[in-house]
Amino acid sequence: MPSPRDRLIVALDLPGLREADALVERLGDAATFYKVGYQLAFAGGLAFVESLIGAGKRVFLDMKLHDIENTVGKGVESVARLGVTFLTVHAYPQSMRAAVAARAGSGLKVLAVTVLTSYDDIDLAEAGYSTGVDALVARRAQQAHDLGMDGLVCSPEEASPLRLALGPDMLFVTPGVRPAGTAYGDQKRVATPTQAIGAGADYLVVGRPVTEAADPKAAVEAIVAEIAAAT
Ligand code: C5P
């Protein structure tokens with residue numbers, strides 16, 4: 001199991017390189033793992049990913065890939081060559097099979113996104129599904145496990161039942177984490193770091209409670225201390 005500090009992933013949901021660079025500089029050795037998503041990736045963030053890795057940080061590239069197998073496979077090979085640690089793929093069997101095959105022999109771990117947490121049963125019906133959220137999450141998580149995906153992105157409340165169903169050998173990465181007393185923002189179902197670790201999360205993704213804190217480094221240290229106490 002990684003150290004408490006290495007289990008915190010700070011989401012760099014920031015408009016550009018200047019802001020990202022300033023935050024990484026400010027956090028220094030306090031943070032070791034960063035998540036880069038659409039916003040930063042499409043604003044010069046892929047070169048920034050390489051510089052983070054060059055500086056000894058680990059990177060979770062949250063690109064939520066989904067395409068034909070050949071395209072997913074080639075994309076995953078390129079991400080693996082960047083030296084990225086985690087990459088997200090939507091939990092469709094073709095995409096997952098291609099991702100698992102393409103990351104073989106590299107240090108990259110591929111994480112399945114089962115059902116986006118902004119979707120409820122009505123949204124799924126609108127998109128043409130007759131399955132509800134809970135059943136679809138359970139089905140896709142099991143498929144991700146059976147197809148050899150390395151882990152899942154899941155909410156803290158999904159973590160306990162999924163851990164029971166899937167056993168210990170998948171990594172659970174949970175967003176929606178809010179230290180006590182911090183703003184929820186648009187997250188509806190949140191858990192404290194203590195609750196998320198207790199539910200079986202391996203890694204916690206935290207964005208705004210760090211990026212919008214008056215003292216981001218102190219915010220990181222408080223979360224790391226909470227992870228250590230809960231472990
Ligand atoms: O600022 P906050 O802590 O809410 O950021 C959480 C991060 O995790 C964001 O980058 C968000 O896109 C991501 N995420 C999420 N819920 C998911 C999957 C990813 O909040 N189900």
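Only heavy atoms go into these numbers, but all of them, side chains included; no hydrogens, no water, no symmetry mates. All ligand and atom numbering here is 1-based and tracks the order in the structure. Numbers for residues simply follow the sequence, beginning at 1.
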Here the atoms of ligand 1 under 4.0 Å from any heavy atom belonging to Val205 are 7 (C), 8 (O)
So the salt bridge (charged side-chain N to carboxylate O under 4.0 Å, His left out) pairs with at least one residue in residues 145-165 (sequence neighbours excluded) are Arg103-Asp150, Glu157-Arg189, Arg163-Asp202
Residue, atom and distance of the protein heavy atom nearest atom 9 (C) of ligand 1 read Asp13 OD2, 3.2 Å
In this structure, atom 6 (C) of ligand 1 is nearest to the protein heavy atom Gln187 NE2, 3.9 Å
Between the NE2 atom in His145 and the CG atom in Leu166, the distance rounded to the nearest 0.5 Å is 6.0 Å
- With a cut-off of 6.0 Å (strictly less than), are more than 12 heavy atoms of other residues, nucleotides or ligands near CG of Asp169? yes
Within 4.0 Å of some non-hydrogen atom of Pro175, the atoms of ligand 1 are 8 (O), 14 (N), 15 (C), 16 (N), 17 (C), 18 (C), 19 (C), 20 (O)
Nearest non-hydrogen protein atom to atom 21 (N) of ligand 1, with distance, is Thr117 OG1, 2.9 Å
I want to know whether Phe33 and Phe86 have ring centres closer than 6.0 Å. yes
### Tyr92 six-ring centre to Arg140 NZ/CZ under 6.0 Å and within 45° of normal
yes
Residue, atom and distance of the protein heavy atom nearest atom 12 (O) of ligand 1 read Lys35 NZ, 4.0 Å
Residues passing the ring pair (Phe, Tyr, Trp, His ring centres under 6.0 Å) test with Tyr38, sequence neighbours excluded, are Phe42
Arg208 heavy atoms within 4.0 Å reach ligand 1 at atoms 1 (O), 2 (P), 3 (O), 4 (O)
Nearest non-hydrogen protein atom to atom 2 (P) of ligand 1, with distance, is Arg178 NH2, 3.4 Å
